[in-house]
Amino acid sequence: MPAVTVENPLTLPRVAAPAEAVARSVLAVTTAPSGFEGEGFPVRRAFAGINYKYLDPFIMMDQMGEVDYGANEPKGTPWHPHRGFETVTYIIDGTFIHQDSNGGGGTITNGDTQWMTAGSGLLHIETPPESLVKSGGLFHGLQLWVNLPAKDKMKDPRYQDIRGGQVQLVTSPDGGALLRVIAGELGGHQGPGITHTPITMIHATLAPGAEITLPWREDFNALAYVLAGRGAVGTDRRPVHLGQTAVFGAGSSLTVRADEKQDSHTPDLEVVLLGGRPIREPMAHYGPFVMNTREELQQAFEDFQKGRLGTIPAVHGMSEGGL
């Protein structure tokens with residue numbers, strides 16, 4: 001699981017919650033069911049079974065893989081529409097190519113993120129490169145959907161290409177954790193992702209036995225999803241493992257700890273930490289559209305059927321070198 005790493009985390013800025021911070025308790029731990037997406041790649045539905053009031057402004061998140069494809073097995077998604085929210089695709093291992101009808105696109109690989117604001121609507125496609133299809137190989141990533149407030153749902157689409165080297169790297173006071181701030185802010189350190197809805201997105205790697213207690217905005221919710229390994233969350237050390245999501249309650253800090261012993265194929269605890277300021281607006285969600293009312297959903301389907309969300313480019317021009 002390479003993503004972005006450093007040889008010595010102690011060379012990085014250090015972040016810890018202040019002594020007077022109020023610890024967030026763990027309200028629930030859920031286990032993601034498995035399924036298939038797109039043309040048939042395996043996913044874990046990270047937020048299944050969690051009440052939306054604890055997720056807002058996040059809508060859903062899929063862990064894609066981790067899967068080691070054989071030759072001619074890698075799969076992607078066909079062209080499809082979106083309106084009313086943002087898709088965030090974070091690749092940990094492997095390579096994915098994105099193209100959309102608004103002109104956005106590129107190749108993302110180990111540690112890269114593509115941040116697509118669908119806004120008023122577009123069509124897009126995500127596929128593995130031809131070389132990966134031919135050879136097979138490891139593929140692992142996340143796709144997160146972030147809601148947009150009503151005032152932003154019909155904004156013009158936008159595409160952000162966030163290279164792994166742009167991610168803000170910080171560590172815990174003892175250097176036992178590497179924290180990659182993809183979007184939002186952590187202890188005064190800002191990630192590169194530009195968001196309409198205030199959120200924080202962090203990929204944390206904790207060495208066996210390491211513990212982090214991080215400052216967390218009190219007006220944000222807080223979620224921790226385990227990508228790999230075993231550990232515990234909260235000051236009461238609720239056990240968590242691969243495919244589980246911890247939902248935190250109110251407070252100004254959160255705690256995650258890695259077990260002393262990890263599985264042989266997973267040397268560290270890998271966790272995605274998410275927080276956001278709830279939008280608290282009505283949500284009408286069906287398939288690729290996330291709006292505020294049923295009437296707006298119906299309009300989105302009508303606009304798609306009439307070709308108002310864009311057209312598939314006549315020449316795709318997709319290659320490993322990007323677009």
Side-chain angles (χ1 to χ4, degrees), residues 3-4 37-39 41 57-62 64 74-92 94-133 139 141-149 151-167 182-184 191-199 201 203 287-291 300 303-323:
V4 178
E37 189 54 77
E39 296 171 337
F41 58 83
F58 307 111
I59 301 165
M60 57 146 275
M61 186 169 73
D62 284 345
M64 305 179 293
K75 299 175 175 65
T77 66
W79 283 95
H80 59 283
H82 285 307
R83 172 181 278 180
F85 66 102
E86 300 181 290
T87 69
V88 182
T89 306
Y90 174 53
I91 298 299
I92 300 166
T95 306
F96 232 25
I97 299 172
H98 167 96
Q99 186 181 18
D100 65 51
S101 57
N102 193 53
T107 300
I108 55 174
T109 186
N110 304 342
D112 297 337
T113 303
Q114 61 179 25
W115 201 293
M116 186 186 79
T117 303
S120 60
L122 44 58
L123 310 178
H124 85 139
I125 186 173
E126 293 168 304
T127 61
E130 185 177 350
S131 62
L132 181 63
V133 174
F139 181 79
L142 286 176
Q143 185 164 98
L144 172 71
W145 288 14
V146 185
N147 201 5
L148 289 169
K151 66 181 180 63
D152 293 331
K153 283 193 178 292
M154 296 300 287
K155 279 187 174 290
D156 291 340
R158 179 179 64 185
Y159 179 82
Q160 297 177 67
D161 181 18
I162 303 172
R163 298 288 99 185
Q166 297 174 283
V167 170
I182 298 168
I194 301 169
T195 70
H196 285 286
T197 306
I199 71 167
M201 180 180 182
H203 174 193
F289 306 125
V290 183
M291 305 303 292
D303 289 346
F304 168 56
Q305 291 165 352
K306 293 186 176 181
R308 297 171 184 154
L309 299 192
T311 57
I312 297 173
V315 178
H316 296 179
M318 290 188 293
S319 68
E320 286 188 71
L323 301 173

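All residue numbers in this chain count up from 1 along the given sequence.
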Is any side-chain heavy atom of [Y] closer than 4.5 Å to one of [X]?
X	Y	result
H196	R158	yes
T127	F96	no
L144	M201	yes
I91	M64	yes
W115	I162	yes
H124	Q99	no

Which residues share a side-chain hydrogen bond (donor to acceptor under 3.5 Å, both in side chains) with [X], sequence neighbours left out:
X	answer
D152	none
R163	D112, D161
S101	none
T113	none

Value for CG (D62) from CD (Q143), rounded to nearest 0.5 Å, stands at 7.0 Å
The reported gap from CE in M60 to OG1 in T87 (rounded to nearest 0.5 angstrom) is 9.5 Å
With distance as the sole test, does [X] use its side chain to make a donor-acceptor pair with the main-chain N or O of [Y] at under 3.5 Å?
X	Y	value
K153	L148	yes
N110	G94	yes
Q114	I108	no

Exactly one candidate in T117, N147, T195, T197 meets side-chain hydrogen bond (donor to acceptor under 3.5 Å, both in side chains) with E86; the answer is T117
Those residues at least two apart in sequence (or on a different chain) that pass ring pair (Phe, Tyr, Trp, His ring centres under 6.0 Å) with F304 are none
Across all chains, not counting sequence neighbours, the ring pair (Phe, Tyr, Trp, His ring centres under 6.0 Å) partners of F85 are H82, W145
Applying side-chain contact (heavy atoms from CB on, under 4.5 Å) to N102 and not counting sequence neighbours gives D100, L122, P157
Between P81 and F289, the two heavy atoms sitting closest are CG-CZ, 3.8 Å
For K306, the salt bridge (Lys or Arg N to Asp or Glu O under 4.0 Å) test, sequence neighbours excluded, returns E302
